[in-house]
There are 2 protein chains.
Amino acid sequence: MIKKIGQCNSLQVLKDAKLSRTSQRVAVLDMLINAERPLTVIQIFRNINFHQKIHKVTIYRILSSFVAKDIARGIPTDEGINYYEMACRHNPVHAHFYCKSCKKMFCLDPATSSRAIELFADLNGFKIEALSLNITGVCSNCNKGGSL
Amino acid sequence: MIKKIGQCNSLQVLKDAKLSRTSQRVAVLDMLINAERPLTVIQIFRNINFHQKIHKVTIYRILSSFVAKDIARGIPTDEGINYYEMACRHNPVHAHFYCKSCKKMFCLDPATSSRAIELFADLNGFKIEALSLNITGVCSNCNKGGSL
DNA sequence: ATAATAAATGCAATTAAATTGCAATTATTA
DNA sequence: TAATAATTGCAATTTAATTGCATTTATTAT
């Protein structure tokens, strides 16, 4: 597991991506930057709306634009829910573990992940746009009777 | 890419899994056994209903029971669609490539896949129930102007 | 074989994530 | 500061997947 630390400046990230600085985009981006693990639209929606009102559709659109601009990455689960994480240089592509019990998405060791991913680097003629190595199961905490 | 050959007997597979032999289950299973690549519920529905009438919900339920009995594996895409393939010993767990253009799900080399998967075998206390290594992009055929 | 029981299927309605069109609002620019 | 462009909010829609229930089909015990 890797511990994520917020090292990005949301205003600078938006400026670099040529995305206008709206309070909604800043709020979503700050939440991603400071998140310990990937978040869902609903999680972002609930947390932000505790302080500030943002429409759920706006969060979908903001996250889509972040993915398009390579600011964020989407991590789909086999339960049909998408999680999002920062895609900055401090957070290289890596595999994830999704706990069916507590619904948390854990980030796995980037070193091991990158070795796994390198194995598929050459895909003769195939253009790789996204790579997701996703493991589903029950995390150690839930396994011990945490929340099952 | 691996070439799948139908080596299973649908009636025997159902018997071994203690699932009753209905015409619907046999039809779905035969289609999976003879498929060249993973299929979606809709693809199975359209192909079967060309000859025989089966309700779409039944296919969802049959595939769920197949996955529960380890007869089939589900492969989710980042577009929210599930593909299904046989999980027999002739078809070990492997990675997949999903072409956003032609919507085909390709099976990747099981040898390379298994080496990648082994890297995550020990996940200290985490109980692995499913592992999906999924690559999305554009396949070589579509890349050459096939269907973009 | 046949009746009784259990399981599977078909159908309608629903759920939930995600998307779309459009009007209103907010940000950027000239 | 006005004009233009981009973004947001809202309502409605889309689509994969699920659920409850009546009907049909398969399995079993007699």
Side-chain angles (χ1 to χ4, degrees), chain A residues 10-11 13-29 38-46 48-49 51-69 71-84 98 100 103 105 130 134 136, chain B residues 10-11 13-29 38-46 48-49 51-69 71-84 98 100 103 105 130 134 136:
Chain A
S10 53
L11 303 185
V13 169
L14 289 176
K15 187 178 265 182
D16 291 347
K18 296 192 177 88
L19 290 174
S20 60
R21 171 186 167 174
T22 65
S23 64
Q24 293 90 335
R25 282 212 258 245
V26 173
V28 172
L29 192 47
L39 302 172
T40 65
V41 167
I42 306 297
Q43 288 170 343
I44 295 170
F45 176 73
R46 293 212 178 113
I48 289 180
N49 277 262
H51 307 288
Q52 168 189 1
K53 285 268 164 296
I54 302 192
H55 202 272
K56 206 183 287 178
V57 173
T58 302
I59 297 174
Y60 277 107
R61 281 194 275 228
I62 285 174
L63 289 171
S64 293
S65 72
F66 283 0
V67 171
K69 292 276 186 179
I71 292 173
R73 279 185 293 263
I75 307 136
T77 70
D78 52 9
E79 290 178 345
I81 305 158
N82 280 315
Y83 283 69
Y84 293 89
Y98 177 63
K100 299 200 309 185
K103 310 286 179 190
M105 180 70 77
N134 217 36
T136 303
Chain B
S10 54
L11 303 185
V13 169
L14 289 175
K15 186 177 267 181
D16 291 347
K18 294 190 178 93
L19 289 174
S20 61
R21 169 185 169 175
T22 65
S23 62
Q24 294 91 333
R25 282 214 257 245
V26 172
V28 172
L29 192 47
L39 302 172
T40 65
V41 167
I42 305 297
Q43 287 170 344
I44 295 170
F45 175 74
R46 293 213 178 110
I48 289 179
N49 278 262
H51 307 288
Q52 170 189 0
K53 287 266 165 292
I54 303 191
H55 203 274
K56 207 183 287 180
V57 173
T58 303
I59 297 174
Y60 277 105
R61 282 194 273 229
I62 285 174
L63 289 171
S64 293
S65 72
F66 284 1
V67 171
K69 291 278 185 178
I71 292 173
R73 280 186 292 262
I75 307 138
T77 71
D78 50 9
E79 292 178 343
I81 305 158
N82 280 314
Y83 283 69
Y84 293 89
Y98 177 63
K100 298 198 311 183
K103 311 286 178 190
M105 181 69 76
N134 217 36
T136 303

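Owing to the predicted nature of the structure, the values given are computational and were not obtained by experimental measurement. In what follows, chains carry the letters A, B, and so on, assigned in the order in which the sequence lines appear, proteins first and then strands, with residues in each chain numbered from 1.
Side-chain atoms of Val41(A) and Asn82(A), non-hydrogen and from C-beta on, never get closer than 4.5 Å to each other.
Across the protein-nucleic acid pair, Asp78(A) atom CG and dA16(D) atom P stand 18 Å apart, rounded to whole Å. Computed from coordinates, the Lys18(A) NZ to dA6(D) P distance equals 14 Å when rounded to whole Å. The distance between atom CZ of Phe66(B) and atom C1' of dA8(C), rounded to the nearest whole Å, is 12 Å. Atoms CZ (Arg25(A)) and P (dT25(C)) sit 19 Å apart, rounded to a whole Å. Rounded to an integer number of Å, the gap from Ile44(A) CD1 to dA18(C) P is 11 Å. At whole-Å resolution of the value, CG in Leu39(A) and P in dA17(C) are 15 Å apart. Computed from coordinates, the Ile81(B) CD1 to dA17(C) P distance equals 17 Å when rounded to whole Å. Distance CG (Leu19(B)) to C1' (dA6(C)): 14 Å, rounded to an integer number of Å.
Applying the 4.0 Å criterion to OP1 and OP2 of dT9(C), one finds that Thr22(B) has a side-chain N or O inside that range. Contact check, Ser20(B) against dA6(C): no side-chain N or O comes under 4.0 Å of OP1 or OP2. Between Gln24(A) and dT26(C) there is no side-chain N or O to OP1 or OP2 distance below 4.0 Å. Close to dA17(D), at under 4.0 Å from its OP1 or OP2, lies a side-chain N or O of Asn82(B).
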Side chain to side chain donor-acceptor pair (under 3.5 Å) between Ser20(B) and Arg25(B): does it pass, once the steps are laid out?
CA-CA 8 Å; Ser20(B) 61; Arg25(B) 282 214 257 245; 3.0 Å; yes
CA sep, side-chain torsions, deciding dist, call: Leu19(A), Ile71(A), side chain to side chain contact (heavy atoms under 4.5 Å, CB included):
CA-CA 11 Å; Leu19(A) 290 174; Ile71(A) 292 173; 4.0 Å; yes
Quick one, Leu14(B) with Phe66(B), criterion side chain to side chain contact (heavy atoms under 4.5 Å, CB included). Give me CA distance, side-chain angles, the key distance, then yes/no.
CA-CA 9 Å; Leu14(B) 289 175; Phe66(B) 284 1; 3.9 Å; yes
Full working for side chain to side chain contact (heavy atoms under 4.5 Å, CB included) between Ile54(B) and Ile62(B):
CA-CA 11 Å; Ile54(B) 303 191; Ile62(B) 285 174; 5.5 Å; no
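A distance-only check finds a donor-acceptor pair linking the side chain of Asn134(B) to the backbone of Pro76(B) [under 3.5 Å].
Around the NZ atom of Lys103(A), the shell of radius 6.0 Å holds more than 12 heavy atoms that belong to other residues, nucleotides or ligands.
Near DNA chain D, defined here as any heavy-atom distance below 4.0 Å, the residues from residues 52-65 of chain B are Val57(B), Tyr60(B), Arg61(B), listed numerically.
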